[in-house]
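This report refers to the structure that appears directly beneath it.
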Amino acid sequence: MPANLTPQYLEAEERYKQAKDNQERMKALKEMLSTIPKHKGTEKLQADIKRRLAKLRDEMEHKKGGPGKRRVSFHVEREGAAQVAIVGPPNVGKSQLLVRLTNASIEVADYPFTTRTFHPGMMPYENIQIQLIDLPPISAEHMENWVPMIIRDADLILLMIDLSRDDFTEQIGSVGKALEAHNIKLVRSPNRIAEDDREGSKETLIVGNKIDLERARENFEELKRLYGADFPILGISASKSIHLEELKRSLFQMLNIVRVYSKPPGKEPDVSKPFIFQKGSTLLDFAGAVHRDFVQNLKFARVWGSGKFEGQRIHRDYLLTDGDIIELHTG
């Protein structure tokens, strides 16, 4: 749990846990959001509260429509270091991309709306796994009503389009418009917009498929000209496995993941099993992840890593960097 949570926040959190209906939960969540300290250490918790608020609004809106209009609720159990939702219009190659990156066993066919439910798969990247979720297609005419719930929970959105078609701007526009109707806005980075507008904003990577085709390469240049200032963009070929390693690196970098390794005093570190944090996390976050008692009992710590003096002492608010090897000393 992040440090320095106010008594008002903790009281609101307890009311949320004891709430008997959605109205009470909504009121408690809003109070939690308004009383939580706004600093780097609480960003993930703030985002989690906002996701819960959005989900609750969806549920309450559906109940107003009566039992016959209630939407099915879907949830994807989180696995690995992070979760990425693959979205896009019909027949752009999303399922094929999932198969290429994760070896998932799903149907891949050259006709629209083959995917009717979600398909998760684990993408290996160096010594971690990142969860990818292939979702049913989104278009101006149709979107499964449970899809926004999964998108809100994801850490990152991969918006895939077919660059061999000349309607690539319409492909992006139709997906964006359908999601905005559910208060989800695709953005380059939520940190670049005002704090009040961050709720519902999802960091997005635009991936243009079929870059192996000449027409797609021409359209890719136009895509970068039109959208390059607003989104990170990458051209790939799912069928030919072109630029898929670059795609993996881009996803990892955009997720802002920091891998940290624990080194028991006098022993070698286990570099096969990193602790996973977001950039901006501190030594105290790491200490608490190793063992909750270490936060209170931490005497000092040493760090090994690229560009550091080997074994140098670090303070409690030291910012973790990818590849750090940390030795904790308590007393």
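Residue numbers run from 1 in the order of the sequence given.
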Please step through side-chain contact (heavy atoms from CB on, under 4.5 Å) for the pair I49 and R52, ending with a clear verdict. CA-CA 5 Å; I49 295 171; R52 282 188 276 173; 3.8 Å; yes
Check the pair D162 / N91 against side-chain contact (heavy atoms from CB on, under 4.5 Å), numbers first and verdict last. CA-CA 8 Å; D162 183 349; N91 212 33; over 6 Å; no
In Å, rounded to the nearest 0.5 Å, how long is the span from OG of S237 to CZ of R100? 8.0 Å
Might you point out which heavy atoms bring V187 and S201 nearest each other, and give the distance in Å? CG2-CB, 4.0 Å
Contacts of E203 that satisfy salt bridge (Lys or Arg N to Asp or Glu O under 4.0 Å) - sequence neighbours left out: none
Got a donor-acceptor contact below 3.5 angstrom from the R316 side chain to the L283 backbone? no
Does the side chain of N209 come within less than 4.5 Å of L97's, by heavy atoms? no
Work out which heavy atom in P120 is nearest to a heavy atom in Q131; give both atom names and the distance. CB-NE2, 4.1 Å
Do R259 and D322 come close enough that some side-chain heavy atom pair is under 4.5 Å? yes
I want to check something: taking the side chain as every heavy atom from C-beta on, are V147 and F118 in contact at a cut-off of under 4.5 Å? no
Intermediate values then yes/no, salt bridge (Lys or Arg N to Asp or Glu O under 4.0 Å), D153 and K55: CA-CA 9 Å; D153 280 343; K55 270 189 174 181; 2.8 Å; yes
d(L223 CG, R217 CZ) to nearest 0.5 Å is 15.0 Å
Cluster link L213 to I242, ILVMFWY, side chain under 4.5 Å: no
Do V84 and M122 sit in the same hydrophobic cluster, where Ile, Leu, Val, Met, Phe, Trp and Tyr count as joined when their side-chain heavy atoms come under 4.5 Å apart? no
A81 and I257 have their tightest heavy-atom pair at CB-CD1, 3.9 Å
Least distance between heavy atoms, G121 atom then L98 atom: N-CD1, 4.2 Å
Where the side chain of Q278 meets the backbone of L255, is there a donor-acceptor pair that is under 3.5 Å apart? yes
Just verifying a value: how many Å separate Q171 CD and S139 OG, rounded to the nearest 0.5 Å? 11.5 Å
Do P136 and H142 have side chains that approach each other closer than 4.5 Å (heavy atoms only, starting at C-beta)? no
Are any non-hydrogen side-chain atoms of L10 and L5 less than 4.5 angstrom apart? yes
Salt bridge present between R225 and E222 (N-O < 4.0 angstrom): yes
Can you list every salt bridge (charged side-chain N to carboxylate O under 4.0 Å, His left out) pair that touches residues 227-246, not counting sequence neighbours? E245-K248
Side chains of P89 and V175, heavy atoms from C-beta outward: is any pair under 4.5 Å? yes
Donor-acceptor contact present, side-chain K185 to main-chain G200, <3.5 Å: no
Of all heavy-atom pairs between A12 and M32, which one has the smallest distance, and what is that distance? CB-CG, 3.6 Å
Determine, for D166 against R215, whether the closest basic-nitrogen to carboxylate-oxygen distance falls under 4.0 angstrom. yes
Does Y318 have any ring-ring contact (aromatic ring centres under 6.0 Å, His included) partners at least two apart in sequence or in another chain, and if so, which? none
Look at the side chain of R249 and the backbone N and O of Y125, then say whether any donor-acceptor pair between them is shorter than 3.5 Å. no
Do I233 and F220 pass the side-chain contact (heavy atoms from CB on, under 4.5 Å) test, and can you show the C-alpha distance, the side-chain angles, and the key distance before you say yes or no? CA-CA 9 Å; I233 295 171; F220 182 62; 3.5 Å; yes
From H119 NE2 over to I86 CD1, what is the distance, rounded to the nearest 0.5 angstrom? 11.5 Å
List, by chain and then residue number, the residues other than Y261 in its hydrophobic cluster (Ile/Leu/Val/Met/Phe/Trp/Tyr, side-chain heavy atoms under 4.5 Å); write none if there are no others. V271, W304, I325
Name the residue from V87, L251, T204 that meets the side chain to side chain contact (heavy atoms under 4.5 Å, CB included) definition with L158. L251
For the residue pair L101 and L244, establish whether any side-chain heavy-atom pair is separated by less than 4.5 Å. yes
Say whether F300 and L328 are linked into one hydrophobic cluster, either directly or through other cluster members, by side-chain heavy-atom distances under 4.5 angstrom. no
Keeping to residues at least two apart or across chains, list the ring-ring contact (aromatic ring centres under 6.0 Å, His included) pairs with something in residues 265-285. F275-F286
For the pair E221 and K224, find out whether any cationic side-chain nitrogen is under 4.0 Å from an anionic carboxylate oxygen. yes
Donor-acceptor contact below 3.5 Å, side chain K210 vs main chain G93: no
In short, side-chain hydrogen bond (donor to acceptor under 3.5 Å, both in side chains) pairs touching residues 289-301 with sequence neighbours left out are none
Could you check if a side-chain atom of E170 sits within less than 4.5 angstrom of a side-chain atom of R165, using non-hydrogen atoms only? no
CD-CZ distance between E310 and R302, expressed to the nearest 0.5 angstrom: 12.0 Å
Closest non-hydrogen contact found for G88 with L159 is CA-CD1, 4.0 Å
Can you tell me how far CG of L56 sits from NZ of K27, rounded to the nearest 0.5 angstrom? 14.5 Å
Donor-acceptor contact below 3.5 Å, side chain D21 vs main chain Q23: yes
Give the intermediate values and the outcome of side-chain contact (heavy atoms from CB on, under 4.5 Å) for residues T282 and L319. CA-CA 5 Å; T282 67; L319 292 178; 4.1 Å; yes
